[in-house]
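Reckoned from all heavy atoms, side chains included, excluding hydrogens, waters and symmetry mates. Letters A, B, ... mirror the listed sequences (proteins, then strands); counts begin at 1. Values in this document were obtained by computation on a predicted structure and should not be read as measured data.
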2 protein chains.
Amino acid sequence: MARTQGSHSDITGPRIRKAALNLFARHGYAAVSMRQIAKEVGVQAGALYNYTPDKQHLLFRLMREHMQELLSALGDLQQGQDAQEALRHFVGFHIRFHLQRPDEVFIAYMELRNLTPENFAEIEDLRRQYENALENILHTGQQAGQFAIPDTKIATLAVIAMLNGVMTWYRSGGRLSLDEVEQIYWNMVHKAVTA
Amino acid sequence: MARTQGSHSDITGPRIRKAALNLFARHGYAAVSMRQIAKEVGVQAGALYNYTPDKQHLLFRLMREHMQELLSALGDLQQGQDAQEALRHFVGFHIRFHLQRPDEVFIAYMELRNLTPENFAEIEDLRRQYENALENILHTGQQAGQFAIPDTKIATLAVIAMLNGVMTWYRSGGRLSLDEVEQIYWNMVHKAVTA
DNA sequence: ACAATATATGAACAATCGTTCAGATAGAAC
DNA sequence: GTTCTATCTGAACGATTGTTCATATATTGT
């Protein structure tokens, strides 16, 4: 008995990626088998290969789409504002965007080493584009005398690392609202870079 | 042919843990096989079980020893100083200690999900002890009016996350010396928490 | 020199891995 | 209603997994 429930091409594909996303985030890429993914979707393992050439591509596609959406959303945000305003928007954007996609974020930086060298290079390039957006803000503010940053490259990485820390503890419905979290982090980031 | 090179109990044990440490850090716990570890040591896979009950314990022991060394070294540091001085020492300590053990650090927070629940709880407890040491410093400074921190718990996690960012980019022999790195991060941390 | 012990080998176990593919069937097109 | 095609099953492939164990030997203690 095959094809038990009709024509599913447009439904099965997204469901596979969603299941892979969940399982990769929870157990790690290497620890998840194609059969586990298939079982979550309600299909046999062989059927997955109608939608992905192999397991590696499944991971790669999830990461690439996440990074592209991140850059796209950031692009919508960017305006010609003064550096401090831009930094405040960046902090809020980063926190909100990432908290909405905990699984994607987790994978995008935990599973980098499981990418083939070519795929890794592509994801790294996207990541660097994102970092550059923040560094430009910091650099602009530094030039304008608003910021006092010893090293803009390090400050960029430090700010992102600090903001990423939110993901390790924030749970919606917890002690703090999103607005409060944003406020607290902005307070620290702002003071850290200001002259 | 067995026991090809004499009595090695006191040598093989550490070599197995070192090999496991390296391989786990490079490829991830789930992606490393017992045979790979054995090969690195120059021994058959079965011999590993003279030194560990199973693969899981190998990971757990590496993580526990790392966390215990971290807490022990931190304990040596702690003195009765004022909060700002204590924070400066903590920043320097954290950066230097962690940069000296990149593999252990990497494992200690990338492989948490591969621990059994009991082992996970034990490592988490050690980690919390470390965080508490920093939070105490921040709390003391807050009480003394030296710091202006909206939320000491979040500030604790934010500072640690920020400092951990060093590990993603610092390479000894690079553009910056350890002293410079320490200086840059202290500058940012100090401003971020100060009133 | 001999007995005891610690430490290794190497084969074997069942289970699971990613992937392929011939065959089956449901829905779309006519 | 028939043909065509996209989609899935189910079995199979060889490779690899963590772990066990009977066996062998180098070293230690006497």
Side-chain angles (χ1 to χ4, degrees), chain A residues 1-24 26-63 107 111 113-116 118-119, chain B residues 1-24 26-63 107 111 113-116 118-119:
Chain A
M1 169 194 10
R3 188 74 166 294
T4 53
Q5 300 181 57
S7 182
H8 285 159
S9 163
D10 48 346
I11 291 184
T12 308
R15 290 221 303 160
I16 288 173
R17 287 187 288 278
K18 179 155 194 161
L21 176 71
N22 259 282
L23 291 169
F24 288 165
R26 203 160 33 238
H27 308 294
Y29 173 77
V32 172
S33 72
M34 294 298 269
R35 283 172 181 83
Q36 286 176 54
I37 299 171
K39 189 171 191 176
E40 189 94 353
V41 178
V43 102
Q44 294 295 317
L48 302 185
Y49 291 86
N50 289 323
Y51 302 93
T52 184
D54 49 35
K55 190 186 176 189
Q56 163 74 202
H57 186 82
L58 210 41
L59 173 65
F60 173 59
R61 175 166 174 174
L62 288 173
M63 294 176 70
I107 287 177
E111 304 296 353
R113 61 179 163 195
N114 287 311
L115 292 172
T116 62
E118 302 81 22
N119 290 343
Chain B
M1 169 192 14
R3 192 73 168 292
T4 51
Q5 301 181 60
S7 182
H8 286 160
S9 162
D10 48 347
I11 290 183
T12 309
R15 291 221 301 161
I16 288 173
R17 287 187 287 278
K18 178 154 194 161
L21 177 70
N22 258 281
L23 291 169
F24 288 166
R26 205 165 25 242
H27 308 293
Y29 173 77
V32 172
S33 72
M34 296 298 268
R35 284 172 181 84
Q36 286 177 55
I37 298 171
K39 188 170 192 177
E40 188 92 353
V41 178
V43 102
Q44 293 296 316
L48 301 184
Y49 290 85
N50 287 323
Y51 302 92
T52 184
D54 49 35
K55 189 187 176 188
Q56 163 75 201
H57 186 83
L58 209 43
L59 174 64
F60 173 58
R61 177 166 172 174
L62 288 172
M63 293 177 70
I107 287 177
E111 304 295 353
R113 62 179 162 193
N114 287 311
L115 292 172
T116 62
E118 302 80 22
N119 290 343

For A/Y51 and A/P14, indicate whether the former's side chain and the latter's backbone hold a donor-acceptor pair under 3.5 Å. no
Please report, rounded to the nearest Å, how far the C1' atom of C/dT20 is from the NZ atom of A/K55. 17 Å
Measure from the side-chain heavy atoms of B/S33 and tell me the nearest of D/dC8, D/dT17, C/dG18. D/dT17
What is the distance, rounded to the nearest whole Å, between atom CD1 of B/I11 and atom P of D/dA26? 17 Å
Within 45° cone of A/F24 ring axis and under 6.0 Å: A/K55 NZ or CZ: no
Can you measure from CD1 (B/I37) to NZ (B/K18) and round to the nearest 0.5 angstrom? 15.0 Å
Per atom distances to the B/Y51 side chain, the nearest of C/dA8, D/dT9, C/dG18 is C/dA8
In whole angstrom, what separates B/Q44's CD from D/dA22's P? 18 Å
What is the distance from NZ of A/K39 to C1' of D/dT9, rounded to the nearest Å? 16 Å
On DNA chain C, compare the nucleotides closest to A/Q36 and A/A47; which residue's is nearer the 5' end? A/Q36
List the residues meeting salt bridge (Lys or Arg N to Asp or Glu O under 4.0 Å) with B/R61, not counting sequence neighbours, and say none if there are none. B/E65
Atom CG of A/N50 and atom P of D/dT5 are separated, to the nearest Å, by 16 Å
Interatomic distance, CD1@B/I16 vs CG@B/L48, rounded to 0.5 Å, equals 4.5 Å
Please give, in whole Å, the distance from D/dT19 P to B/I37 CD1? 10 Å
Checking contacts here: which listed nucleotide (D/dC8, D/dT17, C/dT19) is nearest the side-chain heavy atoms of A/A45? C/dT19
A/D54 side chain: which of C/dT19, D/dC8, C/dT9 is closest? C/dT19
Which is true for A/V41 with a 4.0 Å heavy-atom rule: it touches a base, it touches only sugar-phosphate, or it touches nothing? nothing
D/dC13 C1' sits how many Å from A/M34 CE, rounded? 16 Å
Round to a whole Å and report the spacing from OH of A/Y49 to P of D/dT9. 14 Å
With no hydrogens and no angle check, is any side-chain donor or acceptor of A/E111 less than 3.5 Å from a backbone partner on A/Y29? yes
Determine whether a donor-acceptor pair (N or O, by modelled atom type, separation under 3.5 Å) exists between the side chain of A/Q56 and the backbone of A/T116. yes
Watson-Crick and G-U pairing of DNA chain C written in dot-bracket, each distance under 3.5 angstrom, with | for inter-strand partners: ||||||||||||||||||||||||||||||
